[in-house]
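Structure first, commentary second.
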Amino acid sequence: MKRYWKLIVLVAVIVLTIGTFYIRQSLASSNYPEMELETKSGDEKVADNLVLNTDIGIGKGSNIDVTRGGSTAEKDSFLSRIRGYNQDAKILRLQQDHRNFMRGKSEASHLFAQDKNAVVYADLVLDVYRSSRQNYDMNIDWLDKKTGDRFSFDVLLPDHEKYSDAHVEHVYIAGDQVKVVTKNRKNETDASGAELHVYTIDRDAEKIVDDDTVLTGSENMDNDDWVDIYTFANEKDQKKNDGLILTRDKGTHSESESDANTDPSERQVFYYDLQSGKRKKLSLPNELQEQAIEVFHGTTLYFDEQKDGKATISAYDVNDQKITANRTVQIPDSMRSSGTEELLTPVNDGKFYIVSDKQKKKQDTTVIVVDIKSGETVYEGTITMDDAIEDYDLDINGVTFKDKAGDND
Amino acid sequence: MKRYLKLVHFELDRFSKIYLALIIFTIAAQFTGVIVKSKTYLRFADTQMDGKYHSQDAFLRDYGSISLDDITSTLWFAGPIVLCIAALIFYCFLIWYRDWFGKNTFVYRLLMLPTARINIYLAKATAIFLMVLGLVSFQLILLSIEARLLGFMVPAGLRTDLGLQQIIENFWILQVFFPNTFTEFVLYYGIGFMSVFVLFAIILFERSFRWKGIVAGILYGLLTMGIFFAPVILGLSFFNSEYLYPLELFIMEIILGVLVIAMSIAISHYLLKKRITV
């Protein structure tokens, strides 16, 4: 045994050194302060599903989710890294329910549509092997949930040589057909060549049966002019997901090629009914013209604006074309004192959430929630942590809501 | 088992002189690096502060303090690491060929030992693994010592003490040898050791069939790479993106890795038993 001392010493050194190193590693990673969202006033249940994604400049404190129940950091283990940090609940659920169908597919949730009979995927892929310029194929994969049958085919985009760029904005199932909304660009640098198309594809015939150009950039444009089209899908009530909001924004090119100076007074907003294929221009009251679209829920389009220390939310009904509710909230000084540049203002469940994007110690309000219909402030809260921590730089990157599962089918 | 351990110990012993030399060289070069860099920095700081800058704070604002990663980025530090890597790779070949081409054709006696010949193969592989891990552990210890050394050389105001983790993150070679998690450590080194097993099998092909053996060996090497990378290659050629979910790919690769190692051991066993020529 004594003769083997070299071997024993070597193994011992290896095990001790590397062991200590990695044990210290795993202890060190929980090196951020525990945080919690504390209710300052109002109904604490309002914040039950609220998740604030934060970065705090202490220890390994980045990407920490703070909720009423406490804080959790993104796990740094190898396995969670290879799984990826994709938080999209819709994609995760699809991957769980239809593992084979989702194989090898992009994880962008807007490429998937689901109703009680089927899950349909549509994406535009560039076929680089064909000789003519910029060829886009549309790749359709249709899964019949009841029979398990799969229909997988490609269709060539009509007039595909015209387009230098095209991507899918939205996918909608209509019986045995799928309607794919795409934004196509006619030439690379000028956004005025944008066109919004809705292609209707028949699953059994495996071809495009209709090509509707719903919206185009304007004709009669100068070189300086800029136009772009944006879509807003219905983010709630997936069962009645028949409508799309489209905006046509105009402006002028700025010095940098990728930016533009938008002129809010030139924006036009449309409602497109996916079921009927009809497009309707919405007439907006003056005060909404310059406000930004926050989100589209059901038949209500929410606009908001931050100006002069106040945040305003307006609920606009697309059928009646009228404002149904309008609330203005005065932002308290303490919220603005943290150097907050822009507030995060999501809308969820008929409530308007105002969240500052920074928090400093001594700031006593970080979240304000207002019920849009009643106008009442139903909740105010702030993030708290161990008092011993001196000064910190907390950045709030995003706000998400823990949804109840089963919003689809 | 006892024979196997004896062989491992024997292989370690044979290399111990060179191993020690590598270690001493590493210590010498890296310590010199710390000392030289510290002195240069201090001299620079002194002349600057006598000249344009009259206060330490002003100097620090423009030039910054010294920290260990200023040394890790130099040849003083990286040089010995590269040398050790090269030496060990070279020894992967030499560990076999010295038995044939050394002073006595030692391989006669080796092959005549009353033991399963595969123990020779396993012992040589184990020796290489232990030597690699030994150097790696040693470098880790050395880093802590070098941090202290820097502390002695430069006063606290002019230096920044970095944690071990930060030093590693600042230099990509260290990142490879000391990955963030233990799982990755096992994976990276596992792949390295799998390669050693495959390399040894190739060497045995050559020792069994000479020129034809080299061809056979290279083909074997390509085969193992093909097997190991199969999921990725197949996934990319038939589908546009990855066909397997990340977790599935991970498990598949571990299985394939173990398969390659088992294949290499089996082939080497066969070659050693039936085909080896002296």
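Keep in mind that what you see is a predicted model, and the values were worked out from it rather than measured.
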Which is it for B/Val132 and B/Phe129 under the side-chain contact (heavy atoms from CB on, under 4.5 Å) test, yes or no, and what are the steps along the way? CA-CA 5 Å; B/Val132 169; B/Phe129 300 163; 5.9 Å; no

Could you list the donor-acceptor pairs under 3.5 angstrom formed between side-chain atoms of residues 141-152 of chain B and any protein atom two or more places apart in sequence or on another chain?
| residue | atom | partner | partner atom | Å |
| --- | --- | --- | --- | --- |
| B/Ser144 | OG | B/Leu140 | O | 3.4 |

Mind checking what makes side-chain contact (heavy atoms from CB on, under 4.5 Å) contact with A/Asp123, not counting sequence neighbours? A/Leu111, A/Tyr121, A/Val168

Could you tell me whether the side chain of A/Asp202 and the main chain of A/Asp204 form a donor-acceptor pair under 3.5 Å? yes

When you measure from the side chain of A/Ser109 to the backbone N and O of A/Ile91, does any donor-acceptor pair fall under 3.5 Å? no

Does any non-hydrogen side-chain atom of B/Lys124 lie less than 4.5 Å from one of B/Tyr91? no

Are B/Phe171 and B/Phe177 close enough that their ring centers fall under 6.0 Å? no

Does the pair A/Asp149/A/Arg203 count as a salt bridge with the N-to-O cut at 4.0 Å? no

Hey, does the side chain of B/Tyr245 reach the backbone of A/Arg99 with a donor-acceptor pair shorter than 3.5 angstrom? yes

For chain A, which residues of residues 21-31 of chain B have heavy atoms nearer than 4.5 angstrom: none

Under 6.0 Å from the six-membered ring centre of A/Phe101 and within 45° of its axis: does the NZ or CZ of A/Arg150 meet both? no

Which atoms of A/Ile14 approach chain B - backbone, side chain, both or neither, heavy atom under 4.5 Å: both

May I ask you to list the residues in residues 6-18 of chain B that approach chain A closer than 4.5 angstrom, counting heavy atoms only, ordered by number? B/Lys6, B/Val8, B/His9, B/Leu12, B/Asp13, B/Ser16

Chain A heavy atoms under 4.5 Å from B/Phe138: which part of the residue, side chain, backbone, both or neither? neither

Side chain of A/Lys90, backbone of A/Phe112: donor and acceptor closer than 3.5 Å? yes

With a 4.5 angstrom heavy-atom cut-off, could you sort out which part of B/Ile168 is near chain A: side chain, backbone, both or neither? side chain

